[in-house]
J.: 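Handing you this structure, nothing more for now.
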Amino acid sequence: MSRIISYRTADKADVLAFLGAAGELTADQRSCLGMMREQARERQRDLDRQDIDLGLSITDALEHLVAGHASAKAEGAASAYHHALQIVIDCNASDPSDLGVYSKPSTFFGLLDEELRRLGVDPGLLLHDHLFSGPPAGMPFSLPYPVDGPHIGMLPLARAKPMADAYRAVLDRMDEDFRHDVREVIEKLECEHDEWEYATKEVDWYTQDTLFFSITG
């Protein structure tokens with residue numbers, strides 16, 4: 001089954017502020033939480049229509065995250081918690097854009113990393129581990145790994161331009177099987193960098209610092 005990789009930009013601190021913050025939310029955050037709860041109900045309805053039972057509802061998973069724990073032991077609880085975390089991210093982030101559709105994204109980007117490493121690209125600028133990095137560092141509790149997804153990844157926006165530059169520098173020497181997809185990645189990273197650079201300089205309230213990736217099937 002093909003997997004869709006999409007991404008949004010957000011301030012990582014805004015996302016972390018909801019995790020374990022029950023009873024300490026501001027009025028604006030409580031309003032945002034109301035929208036998250038509605039999205040959680042809609043996500044659960046979608047799973048119900050597909051006869052997918054995770055053993056923990058997305059609505060309950062969201063309440064757990066806000067309360068500061070991920071203690072459910074159901075077989076599908078990890079997926080429920082990651083669905084809920086994605087909702088927290090979405091409600092604090094920009095509109096989504098698609099990076100692409102891949103039949104086996106982990107395999108593809110793992111092979112791409114090998115090719116980029118062969119061409120001398122700095123290991124810190126390889127993409128696979130950012131796409132599959134998991135929940136943001138700084139969470140007050142850990143989440144179990146969702147074997148069947150959804151998967152969450154992150155890339156600091158400050159790294160988007162160096163990554164794009166490094167890929168463009170080796171594009172002509174790259175195996176042709178990767179070039180089309182890498183061109184797409186380069187263009188999207190450059191676009192996100194340009195928007196981030198402009199907003200950081202010109203918009204006084206702008207604090208977004210992270211690209212959040214979502215990998216769903």
Side-chain angles (χ1 to χ4, degrees), residues 3-19 21 28-29 32 35-36 39 65 82 84-102 105-106 108-110 112-113 115-117 119-140 143 149-171 174 178 180-216:
R3 310 289 300 280
I4 301 169
I5 303 180
S6 59
Y7 59 91
R8 302 171 185 254
T9 58
D11 184 335
K12 186 172 71 170
D14 289 345
V15 174
L16 292 173
F18 282 88
L19 307 178
D28 285 345
Q29 287 172 325
C32 190
M35 292 186 285
M36 292 178 195
Q39 288 191 24
L65 298 188
H82 280 75
L85 178 58
Q86 187 63 59
I87 289 169
V88 176
I89 293 168
D90 292 352
C91 285
N92 285 280
S94 65
D95 291 336
S97 298
D98 286 341
L99 185 68
V101 179
Y102 301 87
S106 183
F108 176 82
F109 284 100
L112 175 58
D113 278 6
E115 176 68 359
L116 292 168
R117 195 177 290 112
L119 294 169
V121 172
D122 187 291
L125 298 177
L126 303 180
L127 190 53
H128 178 278
D129 287 352
H130 292 290
L131 290 173
F132 292 90
S133 62
M139 284 182 60
L143 295 185
H151 295 105
I152 292 169
M154 291 170 299
L155 174 71
L157 277 163
R159 202 170 291 183
K161 185 65 160 57
M163 185 177 283
D165 288 347
Y167 293 5
R168 190 176 291 284
V170 300
L171 189 61
M174 188 179 296
F178 294 112
H180 172 76
D181 292 279
V182 172
R183 284 192 189 96
E184 292 287 318
V185 169
I186 290 169
E187 290 173 4
K188 289 169 183 178
L189 289 173
E190 289 175 338
C191 180
E192 290 301 325
H193 166 79
D194 290 347
E195 292 183 7
W196 171 71
E197 185 176 55
Y198 172 83
T200 299
K201 292 178 179 178
E202 303 295 336
V203 183
D204 56 7
W205 52 262
Y206 182 89
T207 58
Q208 294 183 356
D209 58 8
T210 305
L211 270 173
F212 282 91
F213 297 103
S214 172
I215 303 175
T216 58

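Note that these values count all heavy atoms, side chains included, but never hydrogens, waters or copies made by symmetry. Keep in mind that this is a model prediction, so the values were computed, not measured.
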J.: Evaluate the criterion side-chain contact (heavy atoms from CB on, under 4.5 Å) for residue pair Val170 and Val182; output intermediate values, then yes/no.
T.: CA-CA 10 Å; Val170 300; Val182 172; over 6 Å; no
J.: Identify the two heavy atoms, one from Ile186 and one from Leu171, that lie closest to each other, and give their separation to 0.1 Å.
T.: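 So the two residues come closest at CD1-CD2, 4.4 Å.
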J.: With side chain to side chain contact (heavy atoms under 4.5 Å, CB included) as the test, pick out the partner of Cys191 among Glu187, Glu195, Lys188, His193.
T.: Glu195
J.: Could you go step by step and tell me if Tyr7 and Leu155 meet the side-chain contact (heavy atoms from CB on, under 4.5 Å) rule?
T.: CA-CA 10 Å; Tyr7 59 91; Leu155 174 71; over 6 Å; no
J.: Kindly list each side-chain donor-acceptor pair under 3.5 angstrom involving residues 124-132, sequence neighbours excluded, with atom names and distances?
T.:
from, atom 1, to, atom 2, distance (Å)
His128, NE2, Ser106, OG, 3.0
His130, ND1, Met154, O, 3.3

J.: Let me see the working for Asp181 and Val185 under side-chain contact (heavy atoms from CB on, under 4.5 Å), right down to the final yes or no.
T.: CA-CA 6 Å; Asp181 292 279; Val185 169; 5.6 Å; no
J.: If you measure from the Lys or Arg side-chain nitrogens to the Asp or Glu carboxylate oxygens, is any gap between Arg168 and Glu190 under 4.0 Å?
T.: yes
J.: Should Leu116 and Met174 be marked as a side-chain contact (heavy atoms from CB on, under 4.5 Å) after you check the CA-CA gap, both sets of side-chain angles, and the distance that decides it?
T.: CA-CA 8 Å; Leu116 292 168; Met174 188 179 296; 3.6 Å; yes
J.: State, to 0.1 Å, how close Arg8 and Ala93 come at their nearest heavy-atom pair, and which atoms those are.
T.: CB-CB, 3.6 Å
J.: From Ser214 OG over to Leu85 CG, what is the distance, rounded to the nearest 0.5 angstrom?
T.: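 The CG atom of Leu85 is 10.0 Å from OG of Ser214, to the nearest 0.5 Å.
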J.: Please find the pair of heavy atoms, one from Ala137 and one from Lys12, that lie closest to each other, and give the distance.
T.: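 Closest approach of Ala137 to Lys12, heavy atoms only: O-NZ, 4.1 Å.
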J.: Hey, does Pro135 have a side-chain heavy atom less than 4.5 Å from the side chain of Ile152?
T.: no
J.: What's the separation between atom CD1 in Ile215 and atom CD1 in Ile4, rounded to the nearest 0.5 Å?
T.: 11.5 Å
J.: Closest approach of Gln208 and Ser94, non-hydrogen atoms and distance?
T.: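 For Gln208 and Ser94, the tightest heavy-atom pair comes out as NE2-N, 4.3 Å.
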J.: Mind checking what makes ring pair (Phe, Tyr, Trp, His ring centres under 6.0 Å) contact with Phe213, not counting sequence neighbours?
T.: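 Phe213 satisfies ring pair (Phe, Tyr, Trp, His ring centres under 6.0 Å) with no residue once adjacent residues are dropped.
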J.: Could you pull out the closest heavy-atom pair between Trp196 and Asp209, with the gap in Å?
T.: NE1-CA, 4.4 Å
J.: Would you compute the distance between atom CG of Leu16 and atom CG of Asn92 and round it to the nearest 0.5 angstrom?
T.: 10.0 Å
J.: How many angstroms lie between OG in Ser6 and CG in Asp95, if you round to the nearest 0.5 Å?
T.: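 Rounded to the nearest 0.5 Å, the OG-CG separation comes to 11.5 Å.
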J.: How many angstroms lie between CE in Met36 and SG in Cys91, if you round to the nearest 0.5 Å?
T.: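 Those atoms lie 5.0 Å apart.
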J.: Could you state the interatomic distance from CD (Glu202) to CD (Glu197), rounded to the nearest 0.5 Å?
T.: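 If we round to the nearest 0.5 Å, Glu202:CD and Glu197:CD are 10.0 Å apart.
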